[in-house]
Structure formats: C-alpha cells, structure tokens
Amino acid sequence: MSRTIVIGGGLGGLAAACTLAARGHAVTLLERNEWLGGKAAVLEEGGFRFDMGPTILTMPRVLERIFAEAGRNLHDEIDLRRLDPQWRCFYEDGAVLDLKDDPAEAAKAIGELSPEDRAGFERFMDVARRLSDVSDKFFFWKSVEDLKDTMNLKANMNLGTLSDVMALRMHRTVAGQIKKDVKDKRVAQMLEHFIQYVGSSPLASPAVLCGIAQMQQGEGVWYPMGGTRAVPLALERLAGELGVDIRTGCGVSRIETENGRTCAVVTEAGERIPAERVVSNMDSVRTYRELIGGDVWKSFAKTRKREPACSGVVLYLGLDRAYEHLAHHNFVFSRDPEEEFAAIYDRGEPAQDPTAYLAAPARTEPGVAPEGGEALYVLVHTPYIRDGQDWAKMLPAYRRTILDKLGRCAGMEDIEERIVVERSLTPQDIHDRYNVLQGAIYGLASHGKVLGAFKPGNRSRQVPGLYLAGGSAHPGPGMPMALMSGWIAADTLDQDAGGAAVADRRTDVAAE
C-alpha cells in the first residue's frame with residue numbers, strides 16, 4: 001500500500017495510525033511535540049503525578065475495537081478499573097449526591113435527595129438509552145458531516161426509521177429534555193453536566209446528546225492504572241510494534257495538493273514527504289485554514305459557522321494531606337447554572353461562581369501522591385480566548401475564585417495550607433501547547449438543535465485524500481469520541497484505498 005501520513009499524535013492520530021498499520025498501510029506519524037498523546041499528557045513533580053488533560057474514560061469498547069484490529073486484547077495491555085460512584089456532587093446548599101455506577105442505585109440516591117425525581121431520572125435514562133442506540137445505529141463508526149450522511153430516508157423510509165428520526169428530538173435542547181423529566185434543580189444540574197464532555201452549553205446543545213448519559217451510566221466510568229496517560233502509551237507501543245514510523249519534534253507547515261488531491265506534506269523543517277493520503281489530527285478548522293488555505297479554506301469556511309467549544313483553567317495541586325470525603329471524580333456546582341453558562345458561552349467571560357471538576361485519583365491509585373497526600377486536578381471551564389483577555393494577568397484572581405469555591409462548597413476551607421506543589425494551565429497555555437483553536441479544550445461547540453451534533457466529516461469533502469481525526473472532527477471531543485474519530489478516519493481511508501481484504505474483519509468487529 002502507499003504511504004499514509006498522520007499529522008498529530010493525539011489520541012485520534014494514534015488510533016488512526018494503529019488501525020491503518022494493522023490493515024497493512026505504511027504509516028508515518030508526525031508530531032510537533034516531543035511526546036505523543038496530545039492533551040493526554042502527564043505532569044510529575046515532588047512525588048506527585050497528574051494527568052494533565054482528560055481524566056475520565058468511558059466507552060472502553062472503542063479502545064477494544066482499535067486493539068482488536070491488531071488481534072490484541074485491550075485488557076492485556078491496560079489495567080482498567082470501574083469506578084463507583086461515577087461522580088460525587090457538592091452543592092451550594094450543602095447537599096451531596098453520588099451518581100452511583102448501578103443505575104438502580106443511582107435512581108435510589110436521587111430519590112433520597114428529591115423523591116419525585118427518582119421516576120423522572122429513570123424516564124430520562126430511558127430516553128438516553130434510546131438516543132444512544134440511535135447514535136450507534138446512524139451516527140457512530142462512519143464518516144458523518146450532516147444529516148444526509150446519517151440515514152437514507154428515501155431508501156429506508158419505514159416505521160422503524162421514522163421512529164428513530166422522532167427519537168432524535170430535534171425540537172429540544174439537552175436542558176429542555178432534562179427539565180421535561182426532572183424537576184429538582186440540583187439533579188438537573190448534575191445531568192446537564194454530561195454535556196460538559198463536549199464543552200458546550202446544555203441550553204444550546206441538541207437533545208440527542210443526552211445519549212452521553214447512557215454511554216456513562218450504561219457502560220461505566222473507568223480508570224486506567226497509571227492514569228489516562230496509560231492509554232496513549234499503550235497505543236504508542238502498539239504503533240511501534242506495527243511498524244509505524246513515528247517522528248516527534250516534527251511539526252507540519254502545509255499539506256500539498258495536486259489536481260485538488262493530497263500529494264505531500266511539508267514539515268516545518270522544510271522536508272517534503274510524498275503521500276497519497278493524509279490523516280490530520282490537528283484541529284479541523286486550523287487544518288483547512290493553515291495547512292491548506294486558499295480556495296479550499298474559503299470553501300470549507302462557507303459550509304457553516306464553526307465556533308470553538310469552551311476552554312478552561314486547570315490547577316494541579318499536590319496536597320500533603322488528602323481530603324477523605326472526596327470521591328475519585330467530583331463536581332462542585334455553581335449556585336446558578338444559567339448565569340454560569342451565560343457568562344461562559346454568551347458573554348465570553350469567566351463565570352464569577354463557576355462549577356469546579358475535581359479528580360482525586362489517589363482513591364484508586366495511591367501511588368499518584370506521597371503517602372497520605374493528594375494529587376488533585378481541578379478544572380473550571382472558561383470561554384475560549386477572546387480579544388483582550390490576558391490570562392497571565394487574569395489567573396491569580398481567578399485562582400482565588402476557584403479555591404474560595406472549593407472551601408465554601410466542598411469542605412476544603414484549609415486547602416491553601418495543604419498545597420505543597422502547584423502548577424496551572426490557562427486557555428492561553430492550552431492554545432500554545434496543543435495547537436488548538438483559540439484555546440478550546442473540546443474542539444468545536446455543539447450548539448444548535450439540529451446541526452449542533454455534527455462536526456466536520458472524517459472524509460474531507462473539499463480535498464480527496466484528506467481525512468480528519470480528533471475532537472474537532474466527527475464524532476466530537478472526549479476520549480472515546482477522539483479515539484473513535486481516528487478509527488473512522490482510518491476505516492474510511494482504507495475503504496477508499498480498496499482495502500477489500502479486510503472487509504470481512506470490519507464487518508465482524510462492527511457486529512460485536
């Protein structure tokens with residue numbers, strides 16, 4: 001087979017490289033940074049170890065499929081532990097709610113907080129399961145850019161397909177669907193935060209994304225021993241064993257085309273590498289704008305307005321004493337989610353009373369911190385970078401806002417006294433470090449009742465031979481979706497390249 005270039009060694013790029021190599025393609029992977037894994041990086045200091053980016057792994061079946069391409073069993077490669085509770089939620093009024101791993105136990109705990117919402121939660125989860133099923137049927141595992149890629153209504157119009165279309169609830173947002181079933185604002189706020197996996201507002205995102213709740217509640221929250229960093233390390237090992245030519249410290253300046261089709265990649269050092277096919281794990285907008293440009297970029301930009309998802313401030317706090325009342329994953333919720341979302345998504349300002357996500361992995365892996373200590377990861381969502389925002393100047397005051405929130409609502413009043421190691425990541429740091437769009441953590445926003453779920457397709461409509469992977473391509477952000485995007489890009493490329501010899505294996509895997 002001809003050489004394929006993968007630009008970017010994030011999770012999507014690694015997944016694509018492994019899948020293509022397993023199917024017999026000669027693959028060269030180019031990564032600008034000195035490490036692979038993109039945001040799934042690691043920080044080690046003073047005996048503490050922090051996952052720098054994603055900390056929650058759901059849908060392990062995506063990884064299972066990628067390893068199965070090479071005849072490997074994921075669970076021989078990574079030690080995954082299922083977590084219970086999935087989340088612990090802290091509220092301004094002092095209430096604490098655990099989202100239990102068992103849906104029946106989760107409903108029971110919700111009923112203890114708000115008796116009338118036990119049944120409402122169960123109704124919501126019925127809807128989430130239906131939406132997840134429809135997503136698996138029409139949306140996942142193939143290149144999708146808009147509605148016409150999901151289903152052929154003329155060829156398949158029957159009562160079953162009509163039922164699937166109606167299940168999408170295109171007239172509702174995530175928040176609207178939740179409020180239909182759940183009345184207690186605290187329970188609704190917890191459920192609305194499933195949409196934070198894609199960095200968007202539940203007030204503006206399509207109800208079909210409620211299916212994310214089933215992907216977590218139905219399939220569990222998992223922790224890879226060694227942290228989420230264990231995932232790209234395992235993929236990197238697999239890629240090496242499959243013969244992928246991995247080049248770190250090798251940025252790309254442009255993708256060359258001939259007669260409109262990809263023909264080569266030029267590195268920042270000036271090396272020209274011929275390639276009939278290219279998978280870009282770089283941000284999709286920046287791929288078209290900066291690596292190709294010209295009329296192709298103009299054509300892509302006209303297809304629809306693409307807004308970055310939110311960014312965030314991350315504090316990595318090494319504590320000399322652990323907070324035993326924390327679970328592995330925790331949310332410390334804002335007092336007014338609508339005001340919080342209006343600040344972040346409408347006004348483009350940091351929320352004055354934000355929701356903080358806390359990961360305390362020492363609950364599952366004590367070795368992340370010195371004995372008795374805590375390697376605490378604190379994430380607060382912020383707007384993507386706006387003109388005039390200087391996060392070097394903004395961070396000290398916003399750090400104080402975050403720590404005050406933890407002290408007031410999560411029983412962490414003395415957190416300053418416990419900090420022995422502290423590092424941070426701002427939206428500007430994220431923009432510079434990961435080459436993303438305006439510091440966005442989650443690629444492109446998922447706003448709009450009909451089109452919000454759609455991202456640029458994995459097979460480029462503008463440039464034959466170009467394929468897209470990563471959180472700003474279909475099916476979107478988050479660890480499982482970024483990994484799935486890489487598999488889809490590779491599978492689509494392989495089909496286009498005439499990979500008929502593996503067609504039966506693809507069918508078998510898809511049926512699992």
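Taking CG from L203 and NE2 from H447, the interatomic distance works out to 8.5 Å, rounded to the nearest 0.5 Å. With rounding to the nearest 0.5 Å, the separation of CD in Q214 from CZ in F124 is 10.0 Å. The line from CG of L97 to CD of Q189 is 11.0 Å long, rounded to the nearest 0.5 Å. One distance of note links CG of L57 with CD of E219; it measures 10.5 Å at 0.5 Å rounding. Remark: I212 CD1 to S135 OG distance equals 8.5 Å, nearest 0.5 Å.
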From CA spacing to verdict: side chain to side chain contact (heavy atoms under 4.5 Å, CB included), L238, E77: CA-CA 9 Å; L238 179 61; E77 309 293 332; over 6 Å; no

* Asked: salt bridge (charged side-chain N to carboxylate O under 4.0 Å, His left out) between D76 and R72: does it pass, once the steps are laid out?
  -> CA-CA 8 Å; D76 293 335; R72 308 292 178 85; over 6 Å; no

Let me see the working for V421 and L317 under side chain to side chain contact (heavy atoms under 4.5 Å, CB included), right down to the final yes or no.
CA-CA 6 Å; V421 169; L317 305 177; over 6 Å; no

For F90 and L326: C-alpha separation, side-chain torsions, deciding distance, then whether side chain to side chain contact (heavy atoms under 4.5 Å, CB included) applies. CA-CA 10 Å; F90 297 87; L326 296 179; 4.1 Å; yes

Checklist entry - What do the steps show when you test K455 against S446 for side chain to side chain contact (heavy atoms under 4.5 Å, CB included), and what is the final call? => result CA-CA 8 Å; K455 303 294 183 286; S446 298; 2.8 Å; yes

The test is salt bridge (charged side-chain N to carboxylate O under 4.0 Å, His left out); show your working for D136 and R61 and say whether it passes. CA-CA 12 Å; D136 262 336; R61 60 190 168 99; 3.2 Å; yes

### Message
Could you walk me through whether E374 and R363 satisfy the salt bridge (charged side-chain N to carboxylate O under 4.0 Å, His left out) test, starting with their C-alpha distance in whole Å, then the side-chain angles of each, then the deciding distance to 0.1 Å, before giving a yes or no?
### Response
CA-CA 9 Å; E374 191 94 88; R363 299 296 164 282; 2.8 Å; yes

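Nearest heavy atom pair, residue S485 against residue G470, reads OG-N, 2.7 Å. What you find for S132 and M215 is that their closest heavy atoms are OG-CG, 4.1 Å. Contact between E145 and G457 at its shortest, heavy atoms only, is OE1-N, 3.0 Å. Taking all atoms of both residues into account, the shortest heavy-atom contact from M484 to V62 is N-CG1, 3.6 Å. The two residues D117 and V182 make their nearest non-hydrogen contact at OD1-CA, 3.4 Å. Between S472 and G443, the shortest heavy-atom distance links the atoms CB-CA, 3.9 Å.
In this structure, the side chain of D102 engages the main chain of A104 through a donor-acceptor pair within 3.5 Å. Proximity of a side-chain donor or acceptor of R399 to a complementary backbone N or O of L315 within less than 3.5 Å is not detected. Side-chain atoms of D429 come within 3.5 Å of backbone atoms of T426 as a donor-acceptor pair (strictly under, hydrogens ignored). Side-chain atoms of Y91 come within 3.5 Å of backbone N or O of R186 as a donor-acceptor pair. With hydrogens and angles ignored, the 3.5 Å screen pairs a side-chain donor or acceptor of S311 with a backbone N or O of G439. Looking at R286, its side chain does come within 3.5 Å of a backbone N or O of V436 through a donor-acceptor pair. Looking only at distances, no side-chain donor or acceptor of R118 sits under 3.5 Å from a matching main-chain atom of E112. No donor-acceptor distance shorter than 3.5 angstrom exists from the side chain of R49 to the backbone of G367, with no hydrogens or angles considered.
Within the 6.0 Å centre-distance limit, the rings of W87 and F194 are counted as a close aromatic pair.
H474 and F139 have perpendicular rings, their planes meeting at more than 60° on a 0 to 90° scale where under 30° would count as parallel. Ring orientation note: the planes of Y357 and F331 are tilted relative to one another, at an angle of 30° to 60°.
Side-chain contact check for K180 versus V127: every heavy-atom pair is 4.5 Å or farther apart. In this structure, the side chains of I415 and Y323 come closer than 4.5 Å at one or more pairs of heavy atoms. Contact check for Q217 versus F121: side-chain heavy atoms found under the 4.5 Å cut-off. M481 places a side-chain heavy atom less than 4.5 Å from the side chain of M59. Annotation: side chain of P54 is in contact with side chain of K39 (closest heavy-atom distance under 4.5 Å). Side-chain contact between L11 and M479: present, with at least one pair of heavy atoms (C-beta onward) separated by less than 4.5 Å. Taking 4.5 Å as the limit, some side-chain heavy atom of L483 sits within range of a side-chain heavy atom of L235. Contact annotation: the side chain of I441 never approaches that of C310 to less than 4.5 Å [non-hydrogen atoms, C-beta and beyond].
For the side-chain contact (heavy atoms from CB on, under 4.5 Å) test, residues two or more places apart in sequence or in another chain that qualify with T58 are I56, Y197, Q216, V221, P480. Partners of D126 under the side chain to side chain donor-acceptor pair (under 3.5 Å) rule, at least two apart in sequence or in another chain, are R129. Residues satisfying the side chain to side chain donor-acceptor pair (under 3.5 Å) test with E236, not counting sequence neighbours, are none. Qualifying ring pair (Phe, Tyr, Trp, His ring centres under 6.0 Å) partners for Y442, counting only residues two or more places apart in sequence or in other chains: H381. Residues that satisfy the side chain to side chain donor-acceptor pair (under 3.5 Å) test with T382, not counting sequence neighbours, are absent from this structure.
A cation-pi arrangement, defined by a distance under 6.0 Å to the six-membered ring centre and an angle within 45 degrees of its axis, is absent between R423 and F48. Taking the ring axis of Y384 as reference, the NZ or CZ atom of R386 stays within 45° of it and closer than 6.0 Å to the ring centre.
The neighbour count for E338 CD, taken as heavy atoms of other residues, nucleotides or ligands under 6.0 Å away, does not exceed 12. In this structure, K183 places its NZ atom where more than 12 heavy-atom neighbours from other residues, nucleotides or ligands lie under 6.0 Å away. Applying the 6.0 Å contact sphere to NZ of K100 captures more than 12 heavy atoms from other residues, nucleotides or ligands.
Among I78, L80, L74, D51, the one residue that satisfies the side chain to side chain contact (heavy atoms under 4.5 Å, CB included) test with V231 is I78.
Side chains of E340 and S334: a donor-acceptor N/O pair is present below 3.5 angstrom, by distance only.
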List the atom pairs, donor and acceptor, that lie under 3.5 Å between side-chain atoms in residues 400-409 and the rest of the protein, sequence neighbours left out.
| from | atom 1 | to | atom 2 | distance (Å) |
| --- | --- | --- | --- | --- |
| R400 | NE | D404 | OD1 | 3.0 |
| R400 | NH1 | E416 | OE2 | 2.5 |
| R400 | NH2 | D404 | OD1 | 3.0 |
| T401 | OG1 | A397 | O | 3.3 |
| K405 | NZ | E92 | OE1 | 2.9 |
| K405 | NZ | F333 | O | 2.8 |
| K405 | NZ | D353 | OD1 | 3.2 |
| K405 | NZ | D353 | OD2 | 3.2 |
| R408 | NE | E92 | OE2 | 3.0 |
| R408 | NH2 | D353 | OD1 | 2.7 |

